Every structure is written in structure tokens, then in C-alpha cells.
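Here is the structure we will look at, set down as C-alpha cells.
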Amino acid sequence: MEKLQSLRGMVDLLPEQMPLWQLIEATFRSQFERAALREIRTPLLEVTELFARGIGEATDVVGKEMYTFQDRGERSCTLRPEGTASVVRAALQHGLLSQGPQRLWYTGPMFRYERPQAGRQRQFHQVGIELLGFADPRSDAEAIAIAWDLLSELGVGGLALELNSLGDPADRAAYRTTLVGWLEEHQEQLDADSRERITTNPLRILDSKNPDTQAVLAKAPLLIDSLSEASRGRFEAVRGCLDALEIPYRLNPRLVRGLDYYTHTAFEITSSQLGAQATVCGGGRYDGLIEQLGGSPTAAIGWAIGLERLVLLLAQAQAADIAALTSPTPDVYLVSRGEQAERQALLLSRQLRQAGRSVELDLSGAAFGKQLKRADRCGAPWAVLIGEGEAEQGVVLLKDLRGDGEEQRLSSEQLKRALSSF
RNA sequence: GCGGGCGUCGCCAAGUGGUUAAGGCAGCGGCUUGUGGUGCCGCCAUCCGGGGGUUCGAAUCCCCUCGCUCGCCCCA
């Protein structure tokens, strides 16, 4: 029979890896709490139209990467490829924005049908924030600072912030015309892929990784030169805020994010230690999205961090505190032998847990020696032994597994008292 | 969707046409039938991702297929 295994690109997170994930989760929860953000959870499955309309029909994510299927009611459903569209939908659906601006965060799995490679799976996890209803340039800087500080607090090294402004839709349209004109003149110098994009998505030619194309593009007109006075002023203001926060960045006029909804500020945080998929955090302003999804015009900014990529970075960071992360071990390993003793041990395990101790109960029925061996290996500092003799006398043996193996003969009341003191 | 690399036990790994398919870790059992950590002994792949083929003979060569992996596209 063929072995059952997980679907391509769907990975299991095994118990051994969970301490690191939990550290990351605890860190961002704490960060977000300090930044006065509130958590929101939305469904993994949404109507396909939400993403088609929000992310943009022409994008790769919508065009070829979505997990889309018909449900039994013949509605077209899609496993969410990103978080922003869902969060905005939920905010609109429940009238959150009529209560004022919203400062939100979310985390959970996302799905994209792509070829897996280092730092990229078909089911992957993101954590992100969305500041809905904030237009002030300080909100751009605040959002970026939260991401930057989160990554710093986790001790991720080799980070770089790249920054660009995409302007407003009018700026973009104007630039698009300029750029297409220029690209058409230089068509024969571009690679085939890029040539095709002149009509479909010219802006994305800008961050082509083809070195020849990049060389040609060096002389292409820049988006930043097409920005209106107002857009340029806004960008200056954001940069000023970042300077005030002493967050270093590199201007990257070629940074064009893949989702259609971005306006003005666009940014990525990358790491040199990641391999081909170097972006650990990506985000930007999306002032048009909320209206696009049926709300009234509302400014907003957000970002998402890829947790698998973060795990990759932290795992190789080899900081002592990360390398030393292990699953918690029980305080007490409970060994028993004989029917009466086994029953007492079962009862005692519950009482100890109710009293706040963590307890592993040996259920094997194996010889004392075997059970003790497991007690030793599980890392518990204490073993409690109940044999037939102890069961009859209503006592237990408390054994110190760390030291010389000293044993005390105690009543279960004495045991509870003894354990509550360490 | 397209390229490159790889596929021997749960994990690491030797083996490159004729071996009973090394070894290590983990696991299980014993020495020690009620006392662990060290040590010693034993067990643990009739089979080398799967299917065909070449050959007297294949884990080792060929073809197909599946999977993993790295990269392209794109993105977190």
C-alpha cells in the first residue's frame, strides 16, 4: 500500500519545533499589546470574489496561485492567500470602522499554490497588522517601527529595510504611461518575460531579477519622478519620521509590491541570510482598498511577516537562548506497579495536577526499572513511586532524580506539601 | 508551469554489477523478575521511493513514474 503523506507544500510542525514557534508568538503578542493593537481572527475560507476584487485580477496571486473550488452550494470559495482582504472585509461587515479607526493584528495560515522552495510552502503562516483609518505619515512610520522592533527583539540579524513610494492612483497611471512608452522603445533589449509584461503589468518589470534586463532598466524613468507634489511631500514626511526613530532604510525605486492595492509607502524587510526568498516582512499603504471592497474611502496601512522565514532566520541565528529552547518537562514522573497502586497513582496524578504540578503518569504497567528509566529520560526532577507495599500502607516514595536518588517515604498529604515548596 | 540536484531502517549513513545490504543514533528486550542515569549482550531493511527493462546476476546500468530539494516566475 502506498504510504500516506502530507500534500506537497503542506508541512507538519513537529513538537520539537514548537518551543521556537511559541517564543515567536509570545513575543509578537507582547509587542502588539504594547502597541495597543487588538487581535482579529477571520475565516480561512472566503468567497473568491473578495480576493479577486481586493488583490487584483492581474496579479500572480489571484491569477495562478489561489486554492479555489466550488462548495456544495456551488459557490466559488478560496483559501485565503493573504490576510489583509479578509480583515478589511470583516471590519466592513461588522461596522468596525464606524466606531473609529482600528488598530488590528492577526496571525494564521495562508495558502498559495506555488512550487515549494526554501522559505516557501503552500500552506504558510503570517502575522500581520492593519491600521485602518489612519492617513498621517506618522502611521506609516509607526507600522514600520512595530515590525522593525519585533524583528529586533527576536534577535534576527542581517536585516535591511527597503522603502519606496508608489504615489496615488493618478501618479501611478501617469508613471505607467511614461514607463510603457520607454519600455516599448527598448523592447528588443528586454527578456521575453518582461516584454510580455509591458501590456499586462509593466510596473513589475522593474524588479525583474534578470541581470540583463536590470542593466537596461538602470536608465528607465523612475516612479519617484512622476509623483505629484503632494505625494512627494508625503513621502518626505514618512522618511522624516523614520529618521526621527533612527530606523535605517534604503530607498529602492524599483520596489513594486505584487498586490494591486498598494499606494504611497511600500516597504520590505529582507535578510541576507534567507536564500532566494529574502523578504521576511512586506507591507505598505493601501488607501484605495477599503473603498474597493465597498466601504467609504479610508486610508490604511499594514504589513505581514512570514513566520516560516522568521523561524528559518532564528534557527540559524544560534543564539544561546534559542538553541536551548526545549519542550517543557514534567515536574513529576509517576511510577506504579500493581492494581491498587496503579489506581492510586491515577488518582494522585490528577490531584497533583489540580494542585498545579505537571505530572506524567506511567501507563505501561512495566517493571519498576523500566518505568524509572523512562522517568529519568523524560527529564523530570522528581519521581513518585507507588508499589504494592506502599499502596497498602497509604504512602508513596518521593525520589530525587537529579541528585543521588534519595527517597523519602511520605503520605500523599506530605507529598503535596513537599512538592508545593519547590 | 519550467530548469538543476537527490531518493538505502524513525533519523544520520556505508555500499557504484555477484556482500547474509556495514556502522552510528533512537527504539525494544536481557544482564538487574520493586529502583533510573554508566557499562555489556541481543533484537531491529528478504530489501534499497514505485514500475518496467538490460544481465547468468542490479541498491548499484537504462527508461518511465512518484516524491523531496534548490532555483526561475512570484511572494511572506
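Computation of the quantities below employed the complete heavy-atom set of this structure, encompassing side-chain atoms and omitting hydrogens, waters and symmetry-equivalent molecules. Remember, it's a predicted structure, so these values are computed and weren't measured experimentally. To find a chain, count down the sequence lines: A is the first, B the second, and so on, and within it residues start at 1.
- The CG-P distance, from A:Asp60 to B:A76, rounds to 12 Å in whole Å.
- B:G67 and B:G57 have their C1' atoms separated by 29 Å, with the value rounded to a whole Å.
- Pairing partner, B:A13: none, since no Watson-Crick or wobble contact has both distances short of 3.5 Å.
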Study note, to complete from the structure: Once base and sugar-phosphate atoms are separated, protein heavy atoms under 4.0 Å mark nucleotides 31-38 of chain B, 5' to 3', with B, S and - as ---BBBB-

N/O to N/O distances under 3.5 Å, protein versus nucleotides 67-71 of chain B:
from  : atom 1 : to       : atom 2 : distance (Å)
B:C68 : OP2    : A:Arg8   : NE     : 2.9
B:C68 : OP2    : A:Arg8   : NH2    : 3.0
B:C70 : OP2    : A:Ala118 : N      : 3.1
B:G71 : OP1    : A:Ala276 : N      : 3.1
B:G71 : OP2    : A:Ala118 : N      : 3.3

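- Remark: B:U55 base-pairs with no nucleotide in the shown strands. Criterion, Watson-Crick or G-U wobble with two distances under 3.5 Å.
- Nucleotide B:C74 holds its C1' atom 15 Å from the CE atom of A:Met66, rounded to whole Å.
- Residue-to-nucleotide proximity on RNA chain B shows that, of A:Ala366 and A:Ala278, the 5′-proximal contact is made by A:Ala366.
- Remark: A:Ser349 engages no residue in a side chain to side chain donor-acceptor pair (under 3.5 Å) (not counting sequence neighbours).
- Nucleotides B:C11 and B:G4, compared at atom C1', are 27 Å apart to the nearest Å.
- Here the separation of B:G1 from B:G10, taken at their P atoms, is 30 Å to the nearest Å.
- Only the P atoms considered, B:C70 is 26 Å distant from B:U60, to the nearest whole Å.
- Qualifying salt bridge (charged side-chain N to carboxylate O under 4.0 Å, His left out) partners for A:Arg176, counting only residues two or more places apart in sequence or in other chains: none.
- When the ring pair (Phe, Tyr, Trp, His ring centres under 6.0 Å) test is applied to A:Tyr261, the partners found at least two apart in sequence or on another chain are A:Tyr286.
- Distance noted for atom P between B:G29 and B:G36: 14 Å (whole Å).
- The nearest whole Å value for the distance from the CD atom in A:Glu82 to the C1' atom in B:A76 is 11 Å.
- Pairs passing the side chain to side chain donor-acceptor pair (under 3.5 Å) check and including a residue from residues 135-163 of chain A, sequence neighbours excluded, read A:Gln31-A:Glu153, A:Arg34-A:Glu153, A:Arg103-A:Glu142, A:Asp136-A:Arg138, A:Ser139-A:Arg285, A:Asp140-A:Arg234, A:Asp140-A:Thr265, A:Asp140-A:Arg285, A:Glu162-A:Arg250, A:Glu162-A:Asn252.
- Taking atom CD of A:Glu114 as the reference point, atom P of B:C74 lies 11 Å away to the nearest angstrom.
- For A:Lys64 and B:C72, the NZ to P distance is 13 Å, given to the nearest whole Å.
- For the residue pair A:Glu49 and A:Ser76, no side-chain donor N or O sits within less than 3.5 Å of a side-chain acceptor on the partner.
- Separating the P atom of B:C12 from that of B:G53 is a span of 32 Å, rounded to the nearest Å.
- For the P atom pair drawn from B:A45 and B:G5, the interatomic distance equals 33 Å after rounding to whole Å.
- Closest non-hydrogen pair, A:Tyr106 versus A:Ala304, comes out as OH-CB, 3.7 Å.
- A:Leu347 is linked by a side-chain contact (heavy atoms from CB on, under 4.5 Å) to A:Gln351, counting only residues two or more places apart in sequence or in another chain.
- Side chains of A:Leu348 and A:Gln344 form no contact here, defined as non-hydrogen atoms less than 4.5 Å apart.
- When the P atom of B:G1 is taken as reference, atom CZ of A:Arg120 falls 14 Å away, rounded to whole Å.
- With sequence neighbours left out, the salt bridge (charged side-chain N to carboxylate O under 4.0 Å, His left out) criterion links A:Arg254 to no other residue.
- The same atom, C1', is picked in B:U35 and in B:G24; the two are 30 Å apart, to the nearest Å.
- Put simply, CG on A:Leu154 is 19 Å from P on B:A76, counting in whole angstrom units.
- Taking for each of A:Gly306 and A:Tyr113 the nucleotide of RNA chain B with the nearest heavy atom, the 5'-most of the two is the partner of A:Tyr113.
- The salt bridge (charged side-chain N to carboxylate O under 4.0 Å, His left out) check on A:Lys416 picks up A:Glu413, with sequence neighbours excluded.
- When Watson-Crick and G-U wobble pairs are counted only if both distances are under 3.5 Å, B:G67 pairs with B:C6.
- Partner of A:Glu308 under the side chain to side chain donor-acceptor pair (under 3.5 Å) criterion, chosen from A:Arg120, A:His125, A:Gln123: A:His125.
- With both pairing distances under 3.5 Å, B:C48 is matched to nothing as a Watson-Crick or G-U wobble pair.
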Tell me which donor-acceptor pairs under 3.5 Å the side chains of residues 390-397 of chain A have, and how far apart each pair is, sequence neighbours excluded?
from     : atom 1 : to       : atom 2 : distance (Å)
A:Glu390 : OE1    : A:Gly387 : N      : 2.8
A:Gln393 : OE1    : A:Arg409 : NH2    : 3.0
A:Gln393 : NE2    : A:Gly389 : O      : 3.4

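- Residues satisfying the salt bridge (charged side-chain N to carboxylate O under 4.0 Å, His left out) test with A:Glu407, not counting sequence neighbours, are A:Lys399.
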What are the atom names and distances for every N/O pair under 3.5 Å that joins the protein to nucleotides 9-13 of chain B?
none

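- Across all strands shown, B:C72 pairs with B:G1; the Watson-Crick or G-U wobble distances both stay below 3.5 Å.
- To the nearest angstrom, P of B:A76 lies 9 Å from OH of A:Tyr106.
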